[in-house]
Amino acid sequence: MSDNPTKHTKVLIIGSGPAGYTAAVYAARAMLNPVLVYGSAPGGQLSTTTDVENYPGFSDVIQGPWLMDQMKDQAKAVGTEMIEDHISSVNLKSTPFEAVGDSGQTYSADSIIISTGAQARWLNLESEQAYRGFGVSACATCDGFFFKDKEVAVVGGGNAAVEEAMFLTKFASKVKLIHRRDELRAEKMLQKKLMENKKIEIIWDSAVDEVIGDGEPKNVTGIKVKNLKTNNVEEMKVDGLFIAIGHDPATALFKEQLDMDKEGYLITKPDSTETNIPGVYAAGDVKDKTFRQAVTAAGMGCMAALEAEKFLSH
């Protein structure tokens, strides 16, 4: 343990990204002197997103990491204290709330905004990681637009995979849906729509073995797909690969203390970011598995800061 005295703040924001940074901007402007603790990958999922065309206010294509730097600088400029530390435990059972960092520092807070985000699940192939952002994506709504009249593949069998495949047919000339099993997990209504779509071909009992691409500039040119029943490997020409096997919200820290759904997303009150503990708020992908956009996360960060301010003024 370090001999640092406990650091107290009115508002502790855990996690950076559109939700955390926006919460920080609003809390700082409300003179609450927030402390934002960020981990080793500040900016969250946007820091690995290259071209951003759908964030309001920018008519030119912007870069995800640049947008996050701007938000961070803005939060700092209005008076947020930024600390790089990894929060390893929290106690929300009594007030002030307490959080302990890997650094040994203890933080106490009158209110907490949780914006720890989520991570897309990947296949964890070396070739997939090599082409992430260069034809391999985990977000069709973010990147589908770049595949106009091209052939793409989607991996997965749940609602997300089916919805992504359907969405991609707006742009792509052909969509291959690759699923490990011989039936989908998605809702029957969605499956029916999928089967009726002429642009979609389902490849059953199969998994992606390797992503193939060319060097500079890096582009995906195809995939190797293995049939899990016959072990036969087939090469397919595609321009893009979308991984839709789910997301994991970063909520392990709050188990046993905050209400979450069966997938681990924090549950908040309707039209609010408040969790089951008054004074503790959740914003962004840590509680939102429906929209998962930078602009909706930022909106929730704003809500959380306004709710925290109201809570503290009582």
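What's counted below: heavy atoms across the whole structure, side chains too, no hydrogens, waters or symmetry copies.
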Subject >> Backbone N/O of Ala250 and side chain of Gln119: donor-acceptor pair under 3.5 Å >> reply: no
Subject >> Gap between atom CD1 of Ile113 and atom CE of Met300 - 0.5 Å precision >> reply: 13.0 Å
**OP:** Check Ile202, Val152, Leu194 against Val175 for a side-chain contact (heavy atoms from CB on, under 4.5 Å) and give me the one that passes.
**Re:** Val152
Subject >> His247 side chain reached by Tyr265 side chain, heavy atoms, under 4.5 Å >> reply: yes
Subject >> 4.5 Å side-chain heavy-atom contact, Asn219 and Asp239 >> reply: no
Subject >> Short side-chain to backbone donor-acceptor contact, Thr275 and Val280, under 3.5 Å >> reply: yes
Original post:
For Asn33, does its backbone N or O pair with a side-chain atom of Thr9 as donor and acceptor, under 3.5 Å?
Top reply: yes
**OP:** Please examine the side chains of Ile114 and Leu258, heavy atoms only from C-beta on, and report whether any two atoms are closer than 4.5 Å.
**Re:** yes
**OP:** Determine, using the 4.5 Å side-chain heavy-atom cutoff (strictly less than), whether Val225 and Val155 are members of one ILVMFWY cluster.
**Re:** yes
**OP:** Write out all pairs satisfying side-chain hydrogen bond (donor to acceptor under 3.5 Å, both in side chains) with one or both partners inside residues 10-20, taking only residues at least two apart or from two chains.
**Re:** none
Original post:
Does a donor on one side chain sit under 3.5 Å from an acceptor on the other, for Gln105 and Asp85?
Top reply: no
Original post:
Going by heavy atoms in the side chains, are Met166 and Val162 under 4.5 Å from each other?
Top reply: yes
Subject >> Interatomic distance, Tyr21 atom OH to Leu36 atom CG [nearest 0.5 angstrom] >> reply: 6.5 Å
**OP:** Could you tell me whether the side chain of Glu81 and the main chain of Val35 form a donor-acceptor pair under 3.5 Å?
**Re:** no
Subject >> Sidechain-backbone polar pair: Ser127 side chain, Glu210 backbone, donor-acceptor under 3.5 Å >> reply: no
Subject >> Straight-line distance of Ile83 CD1 to Leu12 CG, nearest 0.5 Å >> reply: 8.5 Å
Original post:
Charged N to carboxylate O under 4.0 angstrom, Glu196 versus Lys192?
Top reply: yes
**OP:** Check whether any side-chain N or O of Ser115 sits under 3.5 Å from a backbone N or O of Gly15 as a donor-acceptor pair, and report yes or no.
**Re:** yes
Original post:
Would a distance-only check, ignoring hydrogens and angles, find a side-chain to backbone donor-acceptor pair under 3.5 Å from Ser88 to Val100?
Top reply: yes
Original post:
If two hydrophobic side chains count as joined below 4.5 Å and joins carry through other members, does Val238 share a cluster with Ile212?
Top reply: no
Original post:
For Met71 and Thr22, what are the C-alpha separation, side-chain angles and deciding distance, and is it a side-chain contact (heavy atoms from CB on, under 4.5 Å)?
Top reply: CA-CA 7 Å; Met71 284 195 193; Thr22 306; 4.3 Å; yes
Subject >> Backbone N/O of Asn124 and side chain of Glu128: donor-acceptor pair under 3.5 Å >> reply: yes
**OP:** Calculate, to the nearest 0.5 Å, the distance between atoms NZ and CE belonging to Lys72 and Met82 respectively.
**Re:** 6.0 Å
**OP:** With rounding to the nearest 0.5 Å, note down the distance linking CG in Asp285 to CG in Asp248.
**Re:** 12.0 Å
Original post:
Does the side chain of Asn197 reach to within under 4.5 Å of the side chain of Lys193, using non-hydrogen atoms?
Top reply: no
Original post:
Any chance the side chains of Ser272 and Glu307 put a donor and an acceptor closer than 3.5 Å?
Top reply: yes
Original post:
In Å and rounded to the nearest 0.5 Å, what is the CD to CD distance from Gln45 to Gln293?
Top reply: 10.0 Å
Original post:
Counting N and O atoms only, with roles assigned by atom type, does the side chain of Asp259 sit under 3.5 Å from a partner on the main chain of Asn276, one being a donor and the other an acceptor?
Top reply: no
Original post:
Taking only residues at least two apart or on different chains, which pairs with a member in residues 173-190 satisfy side-chain hydrogen bond (donor to acceptor under 3.5 Å, both in side chains)?
Top reply: Asn159-Glu187
**OP:** Kindly say whether Gly39 contributes a backbone atom to a donor-acceptor pair with the side chain of His86 at under 3.5 angstrom?
**Re:** no
Original post:
Between Asn54 and Val295, is any pair of side-chain heavy atoms under 4.5 Å apart?
Top reply: no
**OP:** Step through it carefully: locate the ring centre of Phe147, locate the ring centre of Phe242, and say whether they are under 6.0 Å apart.
**Re:** yes
Original post:
Should we say atom CZ of Phe291 is surrounded by more than 12 heavy atoms from elsewhere, each under 6.0 Å from it?
Top reply: no
**OP:** Mind checking side chain to side chain contact (heavy atoms under 4.5 Å, CB included) for Tyr131 and listing every partner two or more places apart, or none if nothing turns up?
**Re:** Phe134, Val136, Val211, Lys218, Val220
